[in-house]
Colleague: 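Structure incoming, see below.
Since the structure is predicted, the reported quantities are computational estimates derived from the model, not experimental observations. Just follow the structure's listing: the first ligand is 1, and inside any ligand the first atom is 1.
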Amino acid sequence: MSGINNIVILTGAGVSAESGIDTFRDAGGLWEQHRVEDVATPEAFARDPDLVLRFYDMRRAAIQTKRPNAAHEALARLDAAWPGELLIVTQNVDDLHERAGAKRLIHIHGEHLNAWCTACDARSRWTGTLIERPACPACGAAGMLRPDVVWFGEMPYRMDEIYAALNRADLFVSIGTSGAVYPAAGFVREARQSGARTLELNMEPSQGSHWFDAARHGSAGALVPAWVDEVLGQ
Ligand code: OAD
C-alpha cells in the first residue's frame, strides 16, 4: 500500500464476536446482562469481591473454550508479513490475537489470563479460578490476587507507547469497537492529527464513525481478511 509504513490497529469486542465471545453493548451483550457498577469497578470489588471474582472466573473459563477466527488470523498474518512498524492495540481481555500468532500487541484493558497481586504487584499467568483466594505464586500472599483487567475508573495500560505509535502512524484502522469507551475512542483523532489515514471496519457505524476517512461495514470475519489481502497486495 503506497506511502504507508506505520500502521496502528485498534480492536474491540466485535473482532472476537464470531469466536462466540459476547460483545458488551450489542443486544444481549455483557452490559445488558450485568451492571458495570456491579462487576467492573474498583468500588464493586471492594463491596462484593465474591460477585466480581465469580464473574471473572466464569469469563476466564469461557474464553479458554473459544478459538481465534478469520479476523484474528488475518491480523496475525499481517503482523508477520508487514515490513514496517505495526501495533495492534486491543481492548479485548481474551487471548485470541496471540493464539492466532500476533506478536506486536498491547492489551490496553488487561488480560483475563493474568492474575495481579495487589501485595507485590506481580502479574502471574492464571487459567483457573480466583474465588477461593489462592496465594500469589510470586510472593505467597493469600487473598491478594485480582483479575488483571482494567476496571472503569482505572488507568488503561501502556498509554505512552500507544500515543507514540499513533503519532508516527500513517494508517490507523479501528476494528469491531463501538467507540464508546475512552481513551481508545479518541485514538482516531490522535492519529488524524498526526496525518494518518483512518479506516473503520465494523458491523455498523461506531459512535465516532464521522472521524474516519473511510468505513466498511460488515462482519470482521469477512472484512478483515479482505483488507489484509489489499494491504499485502495479494
Ligand atoms: P462494544 O460491545 O461496545 O462494541 C462492539 C462493536 O463491535 C459494536 O459496534 C458492534 O456493532 C461491533 N460488532 C459486533 N459483532 C461484530 C462482528 N462480527 N464484526 C464486526 N463488528 C462487530 O465493545 P468494545 O467497543 O470493545 O472495557 O467495548 C470497549 C470497552 O467497553 C471494552 O474493552 C470493555 C467495555 O466496557 C472494559 O471493561 C474496561
Colleague: Examine distances only and state if a side-chain atom of R59 and a backbone atom of H112 form a donor-acceptor pair shorter than 3.5 Å.
Modeller: no

Colleague: Enumerate the atoms of ligand 1 whose separation from the nearest heavy atom of F152 is less than 4.0 angstrom.
Modeller: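 Per the distance check, 36 (O).
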
Colleague: Does any N or O of ligand 1 fall below 3.5 Å from an N or O anywhere on R25, backbone included?
Modeller: yes

Colleague: Among A180, S174, A17, which one puts a heavy atom closest to atom 15 (N) of ligand 1?
Modeller: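 Nearest option to atom 15 (N) of ligand 1, by heavy atoms: A17.
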
Colleague: Tell me whether R197 is salt-bridged to D213, with the criterion being a basic N under 4.0 Å from an acidic carboxylate O.
Modeller: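 Salt bridge absent between R197 and D213.
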
Colleague: Between G12 and ligand 1, does any nitrogen or oxygen pair lie at a separation below 3.5 Å?
Modeller: no

Colleague: Would you compute the distance between atom CD of E73 and atom CG of L96 and round it to the nearest 0.5 angstrom?
Modeller: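 Taking CD in E73 and CG in L96, the distance rounds to 10.0 Å.
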
Colleague: How close do L105 and E98 get, counting heavy atoms only, and between which atoms?
Modeller: CD2-OE1, 3.2 Å

Colleague: For a 4.5 angstrom cut-off between non-hydrogen side-chain atoms, does I63 reach L113?
Modeller: yes

Colleague: List the closest protein heavy-atom neighbour of atom 26 (O) of ligand 1: residue, atom name, distance to the nearest 0.1 Å.
Modeller: A13 N, 2.8 Å

Colleague: Counting only heavy atoms not in R67, do more than 12 sit closer than 6.0 Å to its CZ atom?
Modeller: no

Colleague: Within ligand 1, which atoms have a heavy atom of E18 less than 4.0 Å away?
Modeller: 17 (C), 18 (N), 19 (N)

Colleague: When you measure from the side chain of D148 to the backbone N and O of A115, does any donor-acceptor pair fall under 3.5 Å?
Modeller: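 Checking the backbone N and O of A115 against the side chain of D148, no donor-acceptor pair under 3.5 Å is found.
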
Colleague: Under 4.0 Å, heavy atoms only, figure out whether ligand 1 is touched by the backbone of M203, its side chain, both or neither.
Modeller: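 Both of them.
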
Colleague: Heavy-atom contacts with D26 under 4.0 Å: which atoms of ligand 1 show up? List them by number with element.
Modeller: 10 (C), 11 (O), 14 (C)

Colleague: Quick one: look at W31 and ligand 1, take heavy-atom pairs under 4.0 Å, and tell me if it's side chain, backbone, both or neither.
Modeller: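 Side chain only; the backbone of W31 stays clear of ligand 1.
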
Colleague: For ligand 1, find out whether one of its N or O atoms is nearer than 3.5 Å to an N or O atom of T177.
Modeller: yes

Colleague: For G218, counting its heavy atoms only, list the atoms of ligand 1 lying under 4.0 Å from any of them.
Modeller: 19 (N), 20 (C)

Colleague: Which atoms of ligand 1 are found less than 4.0 Å from any heavy atom of A220?
Modeller: 17 (C), 19 (N), 20 (C)

Colleague: Classify the angle between the aromatic ring planes of W31 and F55 as parallel (below 30°), tilted (30 to 60°) or perpendicular (above 60°).
Modeller: parallel

Colleague: Taking atom CG as the centre, does D50 end up with more than 12 heavy-atom neighbours from other residues, nucleotides or ligands that are less than 6.0 angstrom away?
Modeller: yes

Colleague: Where's the contact between T23 and ligand 1, heavy-atom distance under 4.0 Å: side chain, backbone, both or neither?
Modeller: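 Answer for T23: both.
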
Colleague: Tell me the protein heavy atom at minimum distance from atom 29 (C) of ligand 1, and give that distance in Å.
Modeller: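 Scanning the protein heavy atoms, the shortest distance from atom 29 (C) of ligand 1 goes to Q91 OE1, 3.3 Å.
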
Colleague: Just checking, is any N or O donor in the side chain of H72 or S16 under 3.5 Å from an acceptor N or O on the other one?
Modeller: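 S16 and H72 do have a side-chain donor-acceptor pair below 3.5 Å.
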
Colleague: Heavy-atom contacts under 4.0 Å between V150 and ligand 1: side chain, backbone, both, or neither?
Modeller: backbone

Colleague: Do you know which two heavy atoms are closest between Q207 and A180, and how far apart they sit?
Modeller: NE2-CB, 3.4 Å

Colleague: Look at atom 1 (P) of ligand 1 and say which protein heavy atom is nearest, naming residue and atom and giving the distance to 0.1 Å.
Modeller: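 Protein heavy atom at minimum distance: S178 OG, 3.6 Å.
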
Colleague: Provide the closest heavy-atom pair for N92 versus H107 in the form atom of the first, atom of the second, distance.
Modeller: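 For N92 and H107, the tightest heavy-atom pair comes out as O-ND1, 2.8 Å.
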
Colleague: Students should be able to answer this: which protein heavy-atom is nearest to atom 30 (C) of ligand 1, and at what distance?
Modeller: V181 CG2, 3.7 Å

Colleague: Can you tell whether the side chains of R54 and D57 come within less than 4.0 Å, N to carboxylate O?
Modeller: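 Salt bridge between R54 and D57, a charged N being under 4.0 Å from a carboxylate O: no.
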
Colleague: Please list the nearest protein heavy atom to atom 17 (C) of ligand 1 with its residue and the distance rounded to 0.1 Å.
Modeller: G14 O, 3.3 Å

Colleague: Please write down residue, atom name and distance for the protein heavy atom closest to atom 9 (O) of ligand 1.
Modeller: N202 ND2, 2.9 Å

Colleague: Would you mind running through ligand 1 and noting each atom that sits below 4.0 Å from a heavy atom of G176?
Modeller: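 The atoms of ligand 1 under 4.0 Å from a heavy atom of G176 are 5 (C), 6 (C), 7 (O), 21 (N).
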
Colleague: Can a salt bridge be assigned to the pair R123 and D121 using a cut-off of 4.0 Å between side-chain N and carboxylate O?
Modeller: yes

Colleague: Kindly assign one of parallel, tilted or perpendicular to the pair W151 and F45, based on the angle between their ring planes and the thresholds 30° and 60°.
Modeller: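 Ring orientation, 0 to 90° scale: tilted.
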
Colleague: For ligand 1, find out whether one of its N or O atoms is nearer than 3.5 Å to an N or O atom of S219.
Modeller: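 N/O-N/O distance below 3.5 Å does not exist for this pair.
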
Colleague: Give me the residue, atom name and distance of the protein heavy atom closest to atom 11 (O) of ligand 1.
Modeller: E204 OE2, 3.1 Å

Colleague: Nearest to atom 32 (C) of ligand 1, what protein heavy atom do you find, and at what distance?
Modeller: F24 CE1, 3.4 Å

Colleague: Under 4.0 Å, counting heavy atoms only: does G29 come that close to any atom of ligand 1?
Modeller: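 Contact absent.
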
Colleague: Could you tell me whether ligand 1 has any atom less than 4.0 Å away from a heavy atom of G221?
Modeller: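 G221: no contact with ligand 1 (<4.0 Å).
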
